[in-house]
2 protein chains.
Amino acid sequence: MDDTSTPEPRWLNDEERTAWLRLIAVTMLLPSRLESELKRDAGLSHFEYYVLAMISETPERALLLTEVAARTNASLSRLSHVVGRLETQGFLSRCTSPTDGRASLARLTEAGWAKVVASAPGHVEEVRTVVFDSLHDGQVEQLSAICAQLLGALDPQHVLLGLGERLP
Amino acid sequence: MDDTSTPEPRWLNDEERTAWLRLIAVTMLLPSRLESELKRDAGLSHFEYYVLAMISETPERALLLTEVAARTNASLSRLSHVVGRLETQGFLSRCTSPTDGRASLARLTEAGWAKVVASAPGHVEEVRTVVFDSLHDGQVEQLSAICAQLLGALDPQHVLLGLGERLP
DNA sequence: GGAATTTGGTTGAAGCAACAACTAAAACCT
DNA sequence: AGGTTTTAGTTGTTGCTTCAACCAAATTCC
């Protein structure tokens, strides 16, 4: 190759290449699989479900939009649109935070809680059949460790796992 | 819970739950990371890059749309739109297959080939820094095996790895 | 205490993806 | 050979995401 003076790239070897192709295939197929299951069984997008589920796990069943955005890796804009839709569907309601006039809390309604309760079992079942039924015990631990290390590069502050709020 | 008569769901245990949260975080962050890198450095979406790269690896630098669709887990509709855009950008050209009047081949132009050559090193470098630099040797093999097993459930025919065309 | 900046969020426009409806070529079926 | 079905792809619409611009509350900095 009569290339320009770019430094020689560190290409992947065969083992890495195979692993990469498989990993990328998983990251393409897994989300779309969950997407279809939830759309079919609950009428929600995976993102909508994830938002509702995350809020449902807090003690007050309410969460700041900023916090939700950080934990879902979504822009505040995207979240605002999605929360707006979920609000008109009656699954949650927005109210201004009492301690900070800018911030708004998304609070699950009864219908929203019921929605989560109704759709969670099917979703978990899908996760189990797709992921955990395919793996033997040791591999669950391996997968967990590998993902933890990848997250070290992808999300150094561990914002997505909800551990980021104790930094200030 | 005064639930209806649904069969008790097989909930995840702690180890599985942790692994799951981490895996889902990876599937959220990895694509968006690759997306931004490619958008910034090459002006392409990850999907566009993937299409060009896949075609570039064939001997003729041409591929049937159906084949591309299968290997990228995309609908033919989506592919048609994307290929249309890539064509107007001058990266590839469509022509009807000589052996099948319905099928069309997407063929890389010189500009398209140059685009792949120009953007591949940066992309590989990104993949390496995000994924492989985070893992030690044994983990690459573990990851590969785990993904292979997940693909057994997600893609039984192994269409995405390009092994599906010998089934007729 | 007031100006500047930062933070939290909303809104509207533009682009991309999912879905449905459609065309045309090939294969299948007596 | 002719009618049906299947396959390959296109097109248009609708909805979601991204991006840029914007507003208001809070914080920072003299």
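These values consider heavy atoms only, across backbone and side chains, with no hydrogens, waters or symmetry-generated copies. Each chain gets a letter, A, B and so on, in the order the sequences are listed, and its residues count up from 1.
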Expressed in angstrom and rounded to an integer, what is the separation of L76(A) atom CG from dC19(D) atom C1'? 14 Å
Output the single nucleotide from dT18(D), dA26(D), dT17(D) whose closest atom is nearest the side chain of R85(A). dT17(D)
Choosing from dT18(D), dA26(C), dC16(C), which nucleotide comes nearest the side chain of R78(A)? dT18(D)
Below 3.5 Å, does any donor atom in the side chain of R102(B) face an acceptor in the base of dT7(D), or the other way round? yes
Report the nucleotide, chosen from dT10(C), dG9(D), dG8(C), that has the shortest atom-to-atom distance to any side-chain atom of D100(A). dG8(C)
Which one, dT11(D), dT10(D), dC19(D), comes nearest to the side chain of H81(B)? dT11(D)
Return whichever of V82(A) or R94(B) has its heavy-atom-nearest nucleotide of DNA chain D closer to the 5' end. R94(B)
Test: R78(A) cationic atom under 6.0 Å from F47(A) six-membered ring centre, within 45° of axis: yes
Assess the side chains of Q139(B) and Q149(A): does a donor N or O sit below 3.5 Å from an acceptor N or O? yes
Nearest-nucleotide 5' precedence on DNA chain C, K39(A) against S80(A): S80(A)
Between the base of dT17(D) and the side chain of S75(A), is there a donor-acceptor distance below 3.5 Å? no
Could you check how far CD of E67(B) sits from C1' of dT7(D), rounded to whole Å? 14 Å
Any side-chain donor paired with an acceptor under 3.5 Å for S75(B) and S77(B)? no
Roughly how many Å is it from CD in E35(B) to P in dT18(D), rounded to a whole number? 9 Å
When the distance from CG of L79(A) to P of dT10(C) is rounded to whole Å, what number comes out? 8 Å
I'd like to check the ring-ring contact (aromatic ring centres under 6.0 Å, His included) partners of Y49(B); sequence neighbours left out, ordered by chain and number. H123(B)
For atom CZ of R71(A) and atom C1' of dG8(C), their distance in whole Å: 17 Å
By a strict heavy-atom criterion of less than 4.0 Å, which residues belonging to residues 47-58 of chain A are in contact with DNA chain C? none
Rounding to a whole Å, what distance do you find between L86(A):CG and dG15(D):C1'? 14 Å
Rounded distance (Å) that lies between atom P of dC16(D) and atom NE2 of H46(A): 17 Å
Given dC19(C), is OP1 or OP2 found less than 4.0 Å from the side-chain N or O atoms of S77(B)? no
R17(B), CZ: over 12 other non-hydrogen atoms inside 6.0 angstrom: no
For S144(A), is there any backbone N or O sitting under 3.5 Å from a side-chain donor or acceptor partner on R22(B)? yes
Has the side chain of R128(A) got a donor or acceptor atom that lies under 3.5 Å from a matching backbone atom of W11(B)? yes
In whole angstroms, how far is the C1' atom of dC23(D) from the CG atom of L65(A)? 16 Å
